[in-house]
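Down below is the structure, laid out as structure tokens.
When a ligand or atom number is given, it counts from 1 through the structure's own listing order. Here, residue 1 is the first one in the sequence, and each next residue gets the next number.
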Amino acid sequence: MTNITIIGSQWGDEGKGKIVDWLASRADAVVRFQGGHNAGHTLVIDGKVYKLHLLPSGIVRPGKLSIIGNGVVIDPWALVAEIATLRGQGVEITPDNLLVSENAPMILPLHGAIDRAMEAARGAQKIGTTGRGIGPAYEDKIGRRVLRICDLAHPDTLKSKIENMLMHHNAILKGLGAPTLAAEEFVASLKEIAPQILPFAGSCWQALDQAKSSGKKILFEGAQGVMLDVDHGTYPFVTSSNTIAAQAAIGSGVGADQIGYVLGITKAYTTRVGSGPFPTELTDAIGETLGQRGHEFGTTTGRKRRCGWFDAAQVRQVVKVSGIHGIALTKLDVMDTLQEIKICIGYECRGKKYDYLPASADLQAEVKPIYEAMPGWQSSLQGVRKFADLPENALKYVRRLETLIGVPAAVISTSPEREDTILVKDPFQ
Ligand code: GDP
Ligand code: IMO
Ligand code: MG
């Protein structure tokens, strides 16, 4: 197995960016395969912070090819702005190291507007989306009316394609008594942005096929997490894409056998941004401590992340639905000060016990976690780079999690810094 697929095993923000960047030193290409600029991946390299939303986390490493696959929804303006920010930080981005899939759908300004308007209309039922237009753009893709990157190369037919898309949206707007949209304004702004996107546009599947033929190593970089997967997550409080490892093949155009070792990036506790069920959520001082020590604020929206205990029942399920071979356990250092640590091993709901999270949103809202407790290690793990240097109770915690979720910790991360990472079992082998 030479390729690695990296996915989040919880509700996102597990530290995927850090681990992708770290592993990228030994890979040839990094490929994003779903989501869009709802993602926020933070890298810290020698104290310098890089925040990535659409660009793959391999972009900061010279000589590596970064690919935005067909499964990603691309806001061309957000992409151009992110490229400019990264260039401003000294990162070289050219058509030699960035390839944008020509068959990827585009997010247009109307998608963001619809996303935000729908959220406002939902009131207390809101999903807590990032407001980036992700859901509406994926809806248009499945509805076979979205514009794609390759359409930018054909300015003459842009207007009719947009009119086709607006036929759907204007029918709804009319029904709501709202003003309808005209294709012209979109045509003009797309023609303007096209020259900045088209130099990067190309065939992702062909690039990956060539990489395969020449024995190159590929990292597939997931965004969000499996509990946000539109099929397997806490529906309807999910994102609008499949976030499981299988999506790496679909969202980039490789065979299902190419996804390789599936590494589930897994936070040593749990966080969630936005609405939805969270059985192990801590609204007390311990939750506050985790949030403070872990700097749990969203990279994309700046929102405070909800914090709670590790949910082994949930991660065990995620391991199965996503075919995870091993995990990278991150942010263990954040738990340094805790006297006692709890782990959720199952749930209780309406007099019944569950060793998995039931699918019904009604039950998910009611499940009560069943916990077991362990003593904390109460010493600093920050920056530990050797497995042997982990205190005994930290080691016991890791071992217990491995037993409960059924797969080993291949990597352990002890700070945001790239090199503060322990390799336990090499996922490349
Ligand atoms: P992603 O969306 O999965 O890439 O994760 P984010 O970047 O949104 O959030 C993870 C945050 O935790 C970032 O600020 C990282 O710099 C930071 N981080 C990653 N690994 C560790 C770790 O092991 N310890 C600590 N303290 N912070 C970490
Ligand atoms: P990374 O890649 C955490 C959440 C939003 C909301 C739900 C739907 O950084 O881990 P959307 O805008 O996708 O329609 O919002 O999904 N969400 C994330 N939460 N990390 C992310 O990405 C997320 N991307 C979306 O908060 O609850
Ligand atoms: Mg994030």
Side-chain angles (χ1 to χ4, degrees), residues 6-22 32 34-45 47 49-54 56-57 72-73 107 111-112 114-116 118-119 126-139 221-230 233-241 243 264-269 271-278 290 292-306 328-336 380-385 411-422:
I6 285 130
I7 51 157
S9 338
Q10 291 144 322
W11 278 294
D13 303 325
E14 299 91 349
K16 297 176 290 293
K18 170 185 162 159
I19 302 298
V20 171
D21 164 61
W22 181 70
R32 275 281 306 269
Q34 48 70 233
H37 65 315
N38 50 349
H41 301 168
T42 311
L43 323 182
V44 185
I45 302 159
V49 180
Y50 301 87
K51 290 183 189 293
L52 304 170
H53 300 283
L54 267 169
S57 297
V72 177
V73 277
I107 299 182
H111 295 121
I114 296 168
D115 189 358
R116 294 185 291 273
M118 288 300 291
E119 279 287 272
K126 75 171 196 275
I127 294 164
T129 72
T130 59
R132 299 293 193 266
I134 305 295
Y138 274 122
E139 283 179 41
E221 177 181 16
Q224 291 82 53
V226 173
M227 293 316 290
L228 289 168
D229 182 285
V230 68
T234 46
Y235 192 92
F237 301 98
V238 292
T239 190
S240 296
S241 65
T243 57
I265 313 303
T266 310
K267 212 177 264 193
Y269 48 99
T271 62
R272 170 163 211 174
V273 214
S275 327
F278 185 172
L290 291 171
Q292 290 296 327
R293 289 184 51 83
H295 305 290
E296 297 294 359
F297 293 91
T299 316
T300 297
T301 56
R303 288 179 292 176
K304 196 172 173 182
R305 295 173 183 153
R306 300 153 68 192
L329 190 65
T330 61
K331 304 193 91 161
L332 203 54
D333 55 293
V334 172
M335 305 179 88
D336 281 352
S380 176
L381 286 191
Q382 234 232 310
V384 166
R385 291 182 184 187
V411 177
I412 296 173
S413 165
T414 58
S415 104
E417 266 291 342
R418 180 190 264 174
E419 297 302 334
D420 290 341
T421 312
I422 303 168

Worksheet item: Are the side chain of Lys331 and the backbone N or O of Gly15 linked by a donor-acceptor pair below 3.5 Å?
Response: no

Fill in: Residue pair Glu221 / Ser57, side-chain donor-acceptor N/O under 3.5 Å
yes

Rounded to the nearest 0.5 Å, the CG atom of Leu381 sits from the CE atom of Met335 at a distance of 10.5 Å

Short version for Leu332: what comes under 4.0 Å of ligand 1, heavy atoms counted, is neither

**Message:** Please determine whether side chain to side chain donor-acceptor pair (under 3.5 Å) holds for the pair Ser415 and Asp420, giving the CA-CA distance in whole Å, both sets of side-chain angles, and the decisive distance to 0.1 Å.
**Reply:** CA-CA 6 Å; Ser415 104; Asp420 290 341; 2.6 Å; yes

> Below 4.0 Å from any atom of ligand 1, is there a heavy atom belonging to Ile265?
Replying inline: no

Atom 20 (N) of ligand 2 sits nearest the protein heavy atom Asp13 OD1, 3.2 Å

| said: Can a donor-acceptor pair be found, under 3.5 Å and without considering hydrogens, that links the side chain of Arg116 to the backbone of Thr130? | reply: no

Contact region, Arg305 to ligand 1, non-hydrogen atoms below 4.0 Å, reads side chain

Would a distance-only check, ignoring hydrogens and angles, find a side-chain to backbone donor-acceptor pair under 3.5 Å from Gln224 to Trp11?
no

shortest atom 1 (P) of ligand 1-to-protein heavy-atom contact is with Lys16 N, 3.5 Å

For Ala39, the atoms of ligand 2 under 4.0 Å from one of its heavy atoms are 1 (P), 2 (O), 9 (O), 22 (O)

Per-atom filter on ligand 1: closer than 4.0 angstrom to a heavy atom of Thr414 are 23 (O), 24 (N)

Closest to atom 6 (C) of ligand 2 among protein heavy atoms sits Gly128 O, 3.1 Å

For atom 27 (O) of ligand 2, the closest protein heavy atom turns out to be Val273 O, 3.1 Å

A student checking ligand 2 against Arg303 at a 4.0 Å heavy-atom cut-off should list atoms 5 (C), 26 (O)

Closest to atom 13 (O) of ligand 2 among protein heavy atoms sits Thr239 OG1, 2.6 Å

For Ser413, the atoms of ligand 1 under 4.0 Å from one of its heavy atoms are 20 (N), 21 (C), 22 (C), 23 (O)

So the atoms of ligand 2 within less than 4.0 Å of a heavy atom of Ala223 turn out to be 2 (O)

Side chains of Ser413 and Lys18: any donor to acceptor distance under 3.5 Å? yes

Query raised in the report: Quick check: does any side chain N or O of Arg303 sit under 3.5 Å from a backbone N or O of Thr301, one acting as donor and the other as acceptor?
Result: no

Ligand 1 to Val334, heavy atom cutoff 4.0 Å, flagged ligand atoms 26 (N)

the protein heavy atom lying closest to atom 26 (N) of ligand 1 turns out to be Asp333 OD2, 2.7 Å

Looking only at N/O atoms, are Asp115 and ligand 2 under 3.5 Å apart anywhere? no

Checking heavy-atom distances from atom 24 (N) of ligand 2 to each of Gln224, Glu221, Arg32, Arg305, the winner is Gln224

of all protein heavy atoms, closest to atom 15 (O) of ligand 2 is Thr129 CA, 3.3 Å

Check your understanding: Considering only heavy atoms from C-beta outward, does the side chain of Trp22 approach that of Glu419 to under 4.5 Å?
Key -> yes

Atom 5 (O) of ligand 1: of Gly225, Gly15, Gly8, Ala223, the nearest heavy atom sits on Gly15

* Asked: Is there a heavy atom of Gly8 sitting under 4.0 angstrom from any atom of ligand 2?
  -> no

Could you tell me whether a side-chain N or O of Arg418 sits under 3.5 Å from a main-chain N or O of Val44, the two making a donor and an acceptor?
-> no

heavy-atom search around atom 12 (O) of ligand 2 in the protein gives Thr130 OG1, 2.6 Å

re atom 10 (C) of ligand 1, the protein heavy-atom contact at minimum distance is Asp13 O, 3.7 Å

Looking only at protein heavy atoms, what sits closest to atom 16 (O) of ligand 1 is Pro416 CB, 3.4 Å

Nearest heavy-atom contact between Gln382 and Asp336 is N-OD2, 3.8 Å

So the atoms of ligand 1 within less than 4.0 Å of a heavy atom of Glu14 turn out to be 3 (O), 5 (O)

Excluding water, the protein N, O or S atoms sitting under 2.8 Å from the Mg ion (ligand 3) are Asp13 OD1, Gly40 O

To atom 28 (C) of ligand 1, the nearest of Gln224, Lys18, Lys51, Lys331 on a heavy-atom basis is Lys331

Ligand 1 to Gly40, heavy atom cutoff 4.0 Å, flagged ligand atoms 1 (P), 2 (O), 4 (O), 6 (P), 7 (O), 8 (O)

Any heavy atom of Ser415 under 4.0 Å from ligand 1? The part involved is backbone

Tightest non-hydrogen contact, residues Ala137 and Ile107, listed as CB-CG1, 3.7 Å

among protein heavy atoms, the one nearest atom 7 (C) of ligand 2 is Val238 O, 3.9 Å

- Task: Show the numbers, then the answer: is there a side-chain contact (heavy atoms from CB on, under 4.5 Å) between Glu14 and Thr266?
- Result: CA-CA 6 Å; Glu14 299 91 349; Thr266 310; 5.8 Å; no

All heavy atoms of Lys126 vs all of Phe237, minimum pair found to be O-CE2, 3.7 Å

The reported gap from NZ in Lys267 to CG in Asp13 (rounded to nearest 0.5 angstrom) is 5.5 Å

Note: ligand 2 atoms sitting under 4.0 Å from heavy atoms of Lys16 are 1 (P), 2 (O), 10 (O)

So for His41 against ligand 2, with non-hydrogen atoms under 4.0 Å, the contacting part is side chain

Per-atom filter on ligand 1: closer than 4.0 angstrom to a heavy atom of His41 are 1 (P), 2 (O), 4 (O), 7 (O)

Within the 4.0 Å heavy-atom cut-off, what Thr42 brings close to ligand 1 is both

**Message:** When you compare ligand 1 with Thr330, is there at least one nitrogen or oxygen pair between them that comes in under 3.5 angstrom?
**Reply:** no

Taking only non-hydrogen atoms of Gly17 and a 4.0 Å limit, the atoms of ligand 1 in range are 4 (O)

Residue, atom and distance of the protein heavy atom nearest atom 17 (N) of ligand 2 read Leu228 CD1, 3.8 Å

So for Phe237 against ligand 2, with non-hydrogen atoms under 4.0 Å, the contacting part is neither

Any donor-acceptor pair under 3.5 Å from Glu296 side chain to Leu290 backbone:
no

